[in-house]
Amino acid sequence: MKIMCVSAFSITDIYYLVRKCTRSTDLAYKAIGKLLEIVKACSVTNNDILAAFQRKAKDFEDRLVAACARSIHCDSIVTRNKKILKNLIFLFSPLQNSFNSFHNSQHICTII
């Protein structure tokens, strides 16, 4: 069974953007509700934060996403940011042909 995950902090970002664009708290909650019907929220733990912190990378958020993905044994990440996680985990874009690899992945994380 395939599991699609999205980072917990992405859910708050999505809520904020939908609410800001639509000026509707109700629509923002509906959007999050629909999202949670198809994905699982990936928690951010203290260990994930420490793992990202110890890397001392320029982009702490990217490292935190990588740490969260690793902690839940994600085997793929979908992102448009090609430099985000090089050499950390299998990475592909929703716009490229290799997105077909999605069908071979069992545990997929999406980064929004």
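As the structure is a prediction and not an experimental result, all values here were calculated from the model. Starting from 1, each residue takes its place in the sequence as its number.
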> What pairs with Phe53 under ring-ring contact (aromatic ring centres under 6.0 Å, His included), at least two apart in sequence or on another chain?
Replying inline: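 Not a single residue meets the ring-ring contact (aromatic ring centres under 6.0 Å, His included) criterion with Phe53.
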> With sequence neighbours excluded, what pairs up with Phe9 under the ring-ring contact (aromatic ring centres under 6.0 Å, His included) test?
Replying inline: none
Gap between atom [atom2] of [Y] and atom [atom1] of [X] - 0.5 Å precision:
X	Y	atom1	atom2	answer
Asp48	Cys42	CG	SG	6.5 Å
Leu64	Arg55	CG	CZ	13.0 Å
Cys68	Asn47	SG	CG	10.5 Å
Lys34	Ile32	NZ	CD1	13.0 Å

>> Tell me whether Tyr29 at atom OH has more than 12 heavy atoms from other residues, nucleotides or ligands lying less than 6.0 Å away.
In response: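 No, because the 6.0 Å sphere around OH of Tyr29 holds 12 heavy atoms or fewer from other groups.
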> Sub-3.5 Å donor-acceptor pair from the side chain of Asp13 to the main-chain atoms of Ser10, do we have one?
Replying inline: no
Tell me whether [X] shares a hydrophobic cluster with [Y], the cluster being built from Ile, Leu, Val, Met, Phe, Trp, Tyr side chains joined at under 4.5 Å.
X	Y	answer
Ile38	Val18	yes
Leu27	Tyr15	no
Phe60	Val65	yes

>> Using salt bridge (charged side-chain N to carboxylate O under 4.0 Å, His left out), reason through Arg63 and Asp59 one step at a time and then give a plain yes or no.
In response: CA-CA 7 Å; Arg63 289 295 172 178; Asp59 195 326; over 6 Å; no
